[in-house]
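Below is one structure; the comments refer to it alone.
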Amino acid sequence: MGKENIKNIRSRYTLRGFVFGLLLYLFVLVGSFSVLEYTELRFNVLNAYTVFPMLWLVTAVPFVSGLIGYLIAGNFAKIIKKQKKHLKYEANRSKEVLQFVDNLRKDNFDSALHLNLKNDILATSLLRLRDYLIQSKKDVEQRRIEEEQRNWVTRGLAHFGELLRKESDNLEDLSYNIIRYLVDYMKINQAGFYLLNTLSKNEKYFELTACVAFDRKKFTDKRINWEEGLIGRCALEKQTIYLTDVPNDYLNITSGLGEANPRSILIVPLKTNDEVYGVLEMASFKPFDDYEIEFVEKTAESIALTIQSVQNTIRTTKLLKETQNQAERMSQQEEELRQNLEEMQATQEESDRREVEMKGILEAIDHAAISSEFEVDGTLINVNQNFLRTFRYNPEEIEGQNIKIFFFKEDVAELDQILTDLRNGHNFKGRVKRRTKMGDEIYLLTTYTPVIDHEGEIIKILSLENDITEQVDMEEELKRSKDELGIMLEEAKKEVTEQFKEIEAVKIRNEKTLEGALDAIITTNKDGIVEFFNLAAEKLWGYDRNEVLGEHVSMLFSEETAKNDEFISAFVSNEKEKIIGERREAPIKNKVGSEEPVLFLLSEAKVGEDHSYTAFIQNVEVELF
């Protein structure tokens, strides 16, 4: 409020106070005049003051009331001035608040609020609102970034899952495809795929199966032993290693512009169920964010599962192939043994035939020219020329001799028993070992017949003999051959028995191995009847194996799939040629009737005329989180 306005107010209120006091004075004065009418005094102002001395005080009332009006106007002017100042402050405050709010609305959080913040609740609230909006904007931005990161991770894992569904049985191709995808998707500069090689029981090492840098595929013969360097440390500790302070000589990234040292190194173990299958190593000129590290760790677990699946498939296929080869070898050996047995049986039949012929020859020799006559005590009476020729004696040398001279000492007791039997009237026919003049050993097929006179007395013994030394030698040879043949036949039978036991053991071991496989495995014969259905297959289809074994394999697929799908149609048909050795994706029908997509790999086994088909089935769903 201006000074002129304050003076006008004071003048106006002073005048009003003075007029009010003056009117009051006049009113009192007029009243005193009315009272003077009833007195004897003259009617004038002086007498009024005389009669009423208080009029002197009343006379001062206009001045007092004017002073009071002046003072009241001053206080009122001050109040108006203060109020106007307050209104101006409030107007400025409102303007600044509106400007501040407008800046907040426009996301301009840097504007200042020039107010007394100590006692101004609104200003304090606005500043708190600004801080809240700043924090909210930061939170929204952080959530947006986190959402983008989650979407990036989810999108990457989805694409990565599609890549793994198209997995190859070649681990080098699979590792390169994985590394190529990670380098492109994460926009990093270089990456290496180290696969753990455990083919040797005494040695474990990492082999660099794939390396990608600046759109170039590198095949580098690089081997890192177990527990060696950062790769070995990562596998041993089974923890991710992230380096931002990279030594200058650790790794160089080469491009067309030259060589440079990376700013960050990320080394992640490929592990599942606490078992390491390999290591990923990545190098970049920029640091890796936490969500990128999390993405690589999640993909590493999926990669480990895929490697485990591929290795199991390779091992199972190799085991099945070895089993098939072993079965074929066993079949060939069995056929060879059967042929050997047939040949041995033919040889034995030939030996028996020759033995029969030999017996016929020996019977024909019963009447040969080797003959002699001797007393019942063995004293020679007469011998023929064949006798002398056989024993190489002259006639005078054996005249009056006992036949004991033609026996070895150890055979004399046997001769005595023969002579005793002859004296008792018994004939003797048999093979006898004799001794020539030179001491040689010969064998004779001998027939001793007592010659009885009309009185029943034995007058002599007639001996008819044939030299069968060669036949005996042949018999001994045949006996040895027969014994050897019998031993060979027995050994062959034992070998066949052991081979059948080994085949059965291999079959049982293979069935147990296939039973514990993570992949579903079913085996059918050439007619499509299910002969093997492992635990993983039970879980996948929902059937108990007793419900499937002995049934046709078509029960595991819908009619539409069996009719329209090329792979399944060939698999369930007895007429069509099966698709062997190719991984195909096809739907199956579980017990509740719903269809699920799976990956099929079919193999064939041939043993003679028998055929069997084994299907390896993997669920195509990949667990991303």
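Values in this document were obtained by computation on a predicted structure and should not be read as measured data.
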- prompt: Counting only heavy atoms not in E585, do more than 12 fall under 6.0 Å of its CD?
  reply: yes
message: Under a 3.5 Å threshold, yes or no: a donor from one side chain and an acceptor from the other, between T614 and T523?
response: yes
field: Minimum heavy-atom distance F206-G278, with the two atoms named
entry: CE2-CA, 4.1 Å
field: Shortest non-hydrogen separation from K589 to S558 and the atoms involved
entry: CB-N, 3.8 Å
- prompt: Between K238 and D274, is there a donor-acceptor pair closer than 3.5 Å when you use the side chain of the first and the backbone of the second?
  reply: yes
- request: Check whether any side-chain N or O of S264 sits under 3.5 Å from a backbone N or O of K286 as a donor-acceptor pair, and report yes or no.
  value: yes
- prompt: Under the salt bridge (charged side-chain N to carboxylate O under 4.0 Å, His left out) test, which residues partner E559, sequence neighbours left out?
  reply: none
statement: Interatomic distance, OG1@T524 vs CD1@I529, rounded to 0.5 Å, equals 8.5 Å
task: State the SG-NZ distance between C234 and K271, to the nearest 0.5 angstrom.
output: 9.0 Å
Value rounded to 0.5 Å, distance of CD in Q190 from CZ in F285: 9.0 Å
query: Under 30°, 30 to 60°, or over 60°: which ring-plane class applies to W541 and F533, parallel, tilted or perpendicular?
result: tilted
query: Got a sec, which residues hit side chain to side chain donor-acceptor pair (under 3.5 Å) with Q142, two or more places apart in sequence or on another chain?
result: E146
message: I'd like to check the side chain to side chain donor-acceptor pair (under 3.5 Å) partners of T272; sequence neighbours left out, ordered by chain and number.
response: none
- request: Begin with the C-alpha distance, continue with both residues' side-chain angles, and end with the deciding distance and a verdict on side-chain contact (heavy atoms from CB on, under 4.5 Å) for E294 and V153.
  value: CA-CA 8 Å; E294 180 184 1; V153 172; 5.6 Å; no
query: Around atom NZ of K539, are there more than 12 heavy atoms of other residues, nucleotides or ligands at under 6.0 Å?
result: no
query: Atom NZ in K187, atom CG in L182: separation rounded to 0.5 Å?
result: 12.5 Å
message: Filter on salt bridge (charged side-chain N to carboxylate O under 4.0 Å, His left out), then keep only pairs touching residues 543-554, sequence neighbours left out; what's left?
response: E515-R545, E538-R545, E547-K591
task: For the pair V530 and Y543, evaluate side-chain contact (heavy atoms from CB on, under 4.5 Å) and give the outcome as yes or no after the intermediate values.
output: CA-CA 13 Å; V530 179; Y543 286 106; over 6 Å; no
field: Modelled atom types, side-chain donor and acceptor of T240 and E297, under 3.5 Å
entry: yes
- prompt: Do the side chain of Y194 and the main chain of I224 share a donor and acceptor less than 3.5 angstrom apart?
  reply: no
task: Quick one: closest heavy-atom pair of N574 and H552, and the distance?
output: OD1-NE2, 4.1 Å
statement: Minimal heavy-atom distance between L601 and G581, with the atoms involved, is CD1-C, 3.6 Å
query: Does A570 offer a backbone N or O that forms a donor-acceptor pair with the side chain of S573 under 3.5 Å?
result: no
- request: Go through the steps for L556 and I588 under the test side-chain contact (heavy atoms from CB on, under 4.5 Å), then give the verdict.
  value: CA-CA 6 Å; L556 304 177; I588 65 169; 6.0 Å; no
task: Could you check if a side-chain atom of F193 sits within less than 4.5 angstrom of a side-chain atom of L280, using non-hydrogen atoms only?
output: yes
query: Residues two or more places apart in sequence or in another chain: which of them pass salt bridge (charged side-chain N to carboxylate O under 4.0 Å, His left out) with E577?
result: none
query: Do the side chain of D565 and the main chain of I568 share a donor and acceptor less than 3.5 angstrom apart?
result: yes
field: CG on L196 to OH on Y277, rounded to 0.5 Å
entry: 10.0 Å
field: From I267 atom CD1 to Y242 atom OH, the distance as rounded to the nearest 0.5 Å
entry: 12.0 Å
task: Give a yes or no on this: more than 12 heavy atoms of other residues, nucleotides or ligands lie within 6.0 Å of atom CG of D290.
output: no
task: Check side chain to side chain donor-acceptor pair (under 3.5 Å) between E342 and all other residues, then give those that pass, not counting sequence neighbours.
output: R338
message: Given 3.5 Å as the limit, does a donor-acceptor pair link the side chain of N525 with the main chain of D527, or not?
response: yes
- request: Determine, stepwise, if the pair M186 / W152 fulfils side-chain contact (heavy atoms from CB on, under 4.5 Å).
  value: CA-CA 10 Å; M186 297 181 65; W152 183 85; 3.9 Å; yes
Distance-minimising heavy-atom pair for E604 and Q324: O-NE2, 3.0 Å
statement: Taking every heavy atom of K578 against every heavy atom of L602, the minimum-distance pair comes out as CB-CD2, 3.8 Å
task: Run the numbers on E301 and K298 for salt bridge (charged side-chain N to carboxylate O under 4.0 Å, His left out), then give the verdict.
output: CA-CA 5 Å; E301 184 175 358; K298 289 181 178 179; over 6 Å; no
- request: Indicate yes or no for a side-chain donor-acceptor contact from N534 to the backbone of D519 under 3.5 Å, with no hydrogens or angles considered.
  value: yes
- prompt: Taking the six-membered ring where the residue is Trp, are the ring centres of Y185 and F295 under 6.0 Å apart?
  reply: yes
field: Heavy-atom donor-acceptor pair, N590 side chain to G542 backbone, under 3.5 Å
entry: no
query: Does some side-chain heavy atom of R180 sit less than 4.5 Å from a side-chain heavy atom of N177?
result: no
